[in-house]
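As the structure is a computational prediction, the values presented were derived from the model and not from experiment. Below, read A as the first sequence line, B as the second, and so on, with proteins coming before strands; counting in each chain starts at 1. Atom set for the values below is all heavy atoms of this structure, side chains included, hydrogens, waters and symmetry mates excluded.
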4 protein chains.
Amino acid sequence: MTTPKPAGTGRTRRQRAPDGAERTEKGAARRAAILDAALDEFAARGFASARLDDVARRAGVAKGTIYLYFKDKQALFEELVRTNLVPHIAAIEAMPAEGPLRARVEAFAEHFVREVLMTRRADVIRLVLAEGPRFPALAEFHYREVVQRALTALQRLIQIGVERGEIRHEALARFPQLVMAPIMMGLIWTGLFNRFAPLDVAAMMRAHLDMLFAPGREP
Amino acid sequence: MTTPKPAGTGRTRRQRAPDGAERTEKGAARRAAILDAALDEFAARGFASARLDDVARRAGVAKGTIYLYFKDKQALFEELVRTNLVPHIAAIEAMPAEGPLRARVEAFAEHFVREVLMTRRADVIRLVLAEGPRFPALAEFHYREVVQRALTALQRLIQIGVERGEIRHEALARFPQLVMAPIMMGLIWTGLFNRFAPLDVAAMMRAHLDMLFAPGREP
Amino acid sequence: MTTPKPAGTGRTRRQRAPDGAERTEKGAARRAAILDAALDEFAARGFASARLDDVARRAGVAKGTIYLYFKDKQALFEELVRTNLVPHIAAIEAMPAEGPLRARVEAFAEHFVREVLMTRRADVIRLVLAEGPRFPALAEFHYREVVQRALTALQRLIQIGVERGEIRHEALARFPQLVMAPIMMGLIWTGLFNRFAPLDVAAMMRAHLDMLFAPGREP
Amino acid sequence: MTTPKPAGTGRTRRQRAPDGAERTEKGAARRAAILDAALDEFAARGFASARLDDVARRAGVAKGTIYLYFKDKQALFEELVRTNLVPHIAAIEAMPAEGPLRARVEAFAEHFVREVLMTRRADVIRLVLAEGPRFPALAEFHYREVVQRALTALQRLIQIGVERGEIRHEALARFPQLVMAPIMMGLIWTGLFNRFAPLDVAAMMRAHLDMLFAPGREP
DNA sequence: TATGAATGAGTCTTCATTCAT
DNA sequence: CATGAATGAAGACTCATTCAT
C-alpha cells in the first residue's frame, strides 16, 4: 500500500505554542516520553486508576515534571488523544484518488489496520471508547477530527463506487459506518477476547469487502 | 418479534446460594435495587470513579448495606455484568428454528437491538468493553457466556443459510462477527456520538442484512 | 463584674442544620474537639501552614473524620472564627444599662479583657487580623458581627456619657475605636512581645479610661 | 513635616557584607527589585502562601536568581522586615528636640501616619503582626529595633511633657503604647475593614492627642 | 439485618530548592 | 551572575471498607 505517511510518527508533534518547558529539543523529547508513558498507563489501567507516579517513573522523570508539560492529569489524557490519531486521518484523506474503487477502499482499510489497529494507537481509540462519556469535549474532538473526517472520506469513495456501479449496495453511502464496523469490532475483539479466540482482523476485513463489492445479480 | 422472554426481567436473578442477606423477599428486592443503582453509577462514571456512596443513596440503602449483599465493589460490579446479559443469550439460543433464514437472522438482530441496545443492558456491554481489560475474569466470563454463545448460535444459522444457498458469502461462517459488527458499531456510536450525529441503528442493520443476503449473480 | 455569660462557653454551639455526622451527642462533641484542635493549630502556625493531620491528631480523630464535619480546611477555619466570638458580643450587648458611665465602660472593657484577651478567643481575633485579607468573607463577617456590634454598643455608651457630661471628649463618639485601641494594642503586644516586655493590659486600660473620663478644667 | 530622610529611599540599604551577588550597581538594583516584589507578594498572600515564582516574575528575574541574593524564602522575608522600618525609626529618633510638646508628639504621629501607615511600609508591620509568632527572631528584631526604639523616644517626650505639666496623665509615661494604640488600630482597620467603614486615621489621631493633652482641672 | 460514623491508605498537586547550562 | 527545567517532599482530600450500635 502506498500510504503517504506524514513526516514522523506523530506522537510528539506539537504545533501549539509550547506551554512551559519544551522549547528546547530535550523539552520536546521529554514531553513525548511523558505522553508515551501516559498512553501505556492509561491504556493499562484506565484514566481514573492510572497513577501519575507510574507515568513519571515509566517516562523516567520526576512526578513534578509532568506538571511542567501538562496542566493536570486530564490535560495529559486529552492531549494524548488529540495528538495521536489526527495525523493519520490527514494521511487517509490524502490517499491517491485514482485506481479501481475496491483497491482504494482496501487501501483505506489496510492503512487503518496496519497503522492504527496493530499499533499502540489502537489503545488511543480504546481509551476514547472507554472514557469518552466522562470527557465530552474529548468525545466531540474525536468525532469531529477523526470519526467524521474518516467517514466523510469513506463516503466520498463509496459515492463514486455507487456511481460507477462498482458498489451495488447504495445504502452504504448512507451508512459508511458499515465499512468501518468490522474494524471497530476487530479493535474491541483484539483488546478483549484475543486470548480466547484470536481473530484475524485483516482476513475478516477482506471478507467484508468481498461482500461490499459483491457483483449483483445480472439484470 | 416473538422473543421468548425468560421469566422475570432478569436483572436480579440469582441462582447461586444467596450470599448473605437475602433469603427474604425484601432481601432480594434490596439486592436488586443495589444492582440497579450500581449499573447507573458504573455506567455514568466508570468502575473506578463510581462511588459506593452514590450507589447506596440511589438504591435507598445505607452504605454498609451494600456489603451485606456483595463482598466488595468489584464483586458488585462483576455480579452486575454476570447477571444482566446471560438470560438474553438463553432467549436467543432458544429462538425458533424454522422459517426463512433472512427472517431468523433478522429476528436475532432485532432481538438484540430491542432488548439490549435500546435498554440499559447496552450499558452493561459498554462497561465490559471499557473495563474488561482490568477484569480478566469478567472478560472471560463475558466471552464464554455471552459472546461465544451468541456467535455460535449465529454461526449455526449462517451455516444453514450457506447450505441452503440463501447466503452466498461463505466467509460469513468463518466470521460470524461480521453480522454483529454493525450492532457493536451502533452500541458505541449511540454511547459516544449520538448527540453530534444520530444513527438509526435498526435501519443500518437492515441495510447490512441486505448485503449479507444479497443474491449473487445468476450463473 | 456581672457578665451575663451566655449558656455554655460557646465553642460548640451549632444552630445551623448539622451537616453530616453530628446529630448525636457524640457527634457534637467531636465537632467541638476538632474546632478546638484547629484553633490551636491555626493559631500556632497560621492558616496555610497548619496541617489537618495535626489537627486530627490533636483532636484524637482520623484525618478523614474532619471532612465529615467540615467541607474543607477553609470551612473549618471560617467556622472557627464565626462561632467563637459572636456569643460574647451578645453578652456585651446585653450588659446592664444602669449605673455610672465609667463603671459601665469599665465593665465593657473588663469583660473583653477577661473573656477574650486572656482566653484562647484572643487567638481567634489574632487569626482574623492575620488571615483576614485572604478571607474577605470572613473579614466581612467579623466586621458585621463582632466589630460593628461592639463598637455600636460602645458608641451608645459614649453618647450617654457625653450627654451626661461624664465624658468631655466628644470626639470619642465619632471614634469609638479609640476606646478599644489599647485593647487591640494589648492583644497584639501579648501575642508578639510579651516575652521581651510584659504588658499589664488591664492596668494600661485603666490608665486609658482615666484619660477618657478625665474631668475637664473647671469653668 | 521635615522628616530627615536617610540617604536613599531606604528599601534596600545593606550595610552588611553583600550576600553574594551585588557588588555591582545592577546587583543592588536587582536585590531591591526582589525585595520590593517580595513585599507585594508576602503582603497579599502571607508568608506561607506567597510563591517565589510570583516574586521572581514580579521582580523581573528568574526564580533561581532569588537564591543568589537570599539564602531562602525565610531569609528574604526577614530581610524585608529588617530593612524597611529601621531607617524611619532613626528618622524619628532624630526629630528636633525643641518646640512645644504637643507639636512634637504630633510630628511624631504624623511622621508615622504619613511615612508608614500610608505607604507600603504599613504592610511590613502587618506582616510582622501576622507572621511574627512563626518568626521569633524577627519578632525580637522588630521589638528591639522598631518598637522599643520608637516607644523609648516617645516615652522621653512624654516624660518631658509630664515634667513641664503639659501632660497631666502621668500614667502615659508608663504606657507609651497608649499613644501609639490608635495608630495601630488604624493600621489594622485600614487593612481589614476600610471597605465597610472607612476610617480617617489622621483625624482619629488628632482626637486622641486632644485627649492626651487635655488640660486638667485647675487646682 | 441495617445503619452511617469513622478510618486511613492512596493520589493528585504544589512549590521551595537545586543545578546544569 | 543568570536562567529556568527538574526534583521530590509535603499536604489536602477522597472513598472503599469496617464496625459499634
Could you give the [atom1]-to-[atom2] distance, from [X] to [N], as a whole number of Å?
X     : N      : atom1 : atom2 : value
D/L76 : E/dC15 : CG    : P     : 16 Å
C/R57 : E/dT7  : CZ    : P     : 13 Å
A/F70 : F/dA6  : CZ    : P     : 12 Å
A/I66 : E/dT11 : CD1   : P     : 14 Å
A/L68 : F/dT7  : CG    : P     : 9 Å
D/R45 : E/dT14 : CZ    : C1'   : 12 Å
A/F77 : E/dC12 : CZ    : C1'   : 17 Å

Mark yes or no for whether [X], through its side chain, and [Y], through its backbone, hold a donor-acceptor pair below 3.5 Å.
X     : Y     : value
A/D36 : A/A32 : no
B/K73 : B/A48 : yes
B/T65 : B/V61 : no

So [Y] and [X], do their side chains get closer than 4.5 Å, heavy atoms only?
X      : Y      : value
A/I125 : A/V81  : no
C/D40  : C/R120 : yes
B/L127 : B/L39  : yes

Taking ring pair (Phe, Tyr, Trp, His ring centres under 6.0 Å) as the definition, give me every residue that meets it alongside A/F47, ordered by chain and number, with sequence neighbours left out.
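In terms of ring pair (Phe, Tyr, Trp, His ring centres under 6.0 Å), with neighbours along the sequence ignored, A/F47 is linked to A/F42, A/F77, A/F135.
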
Test: D/R134 and D/E131 ion pair at under 4.0 Å:
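Salt bridge: yes.
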
Sort and list the pairs that fulfil side chain to side chain donor-acceptor pair (under 3.5 Å) and have at least one residue in residues 41-50 of chain B, not counting sequence neighbours.
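Passing the test, one end in residues 41-50 of chain B: B/E41-B/R58.
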
Residue list, salt bridge (Lys or Arg N to Asp or Glu O under 4.0 Å) with D/D54, at least two apart or on another chain:
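For D/D54, the residues satisfying salt bridge (Lys or Arg N to Asp or Glu O under 4.0 Å) (neighbours in sequence not counted) are D/R51, D/R57.
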
Letter per nucleotide, 5' to 3', of nucleotides 11-21 of chain F [B base touched, S only sugar-phosphate touched, - untouched; heavy atoms, 4.0 Å]:
SSBBSSBB---

When you look for runs of 3 or more Watson-Crick or G-U pairs in a row, both distances below 3.5 Å, which of them include DNA chain E?
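Detected stem regions: E:2-21 with F:2-21.
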
Are OP1 or OP2 of F/dA2 and a side-chain N or O of D/Y69 less than 4.0 angstrom apart?
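For D/Y69, the contact criterion (side-chain N or O under 4.0 Å from OP1 or OP2 of F/dA2) is met.
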
Quick check with a 6.0 Å cut-off and a 45 degree axis cone: is A/R30 positioned over the face of A/Y69's six-membered ring?
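Judged by the rule (NZ or CZ under 6.0 Å from the ring centre, within 45° of its axis), A/R30 is not positioned above A/Y69.
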
What nucleic acid atoms does D/R30 come within less than 4.0 Å of, heavy atoms only: base, sugar-phosphate, or nothing?
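Sugar-phosphate only.
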
Looking at residues 129-137 of chain D, who's got a heavy atom less than 4.0 Å off DNA chain F?
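Under 4.0 Å from DNA chain F: no residue of residues 129-137 of chain D.
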
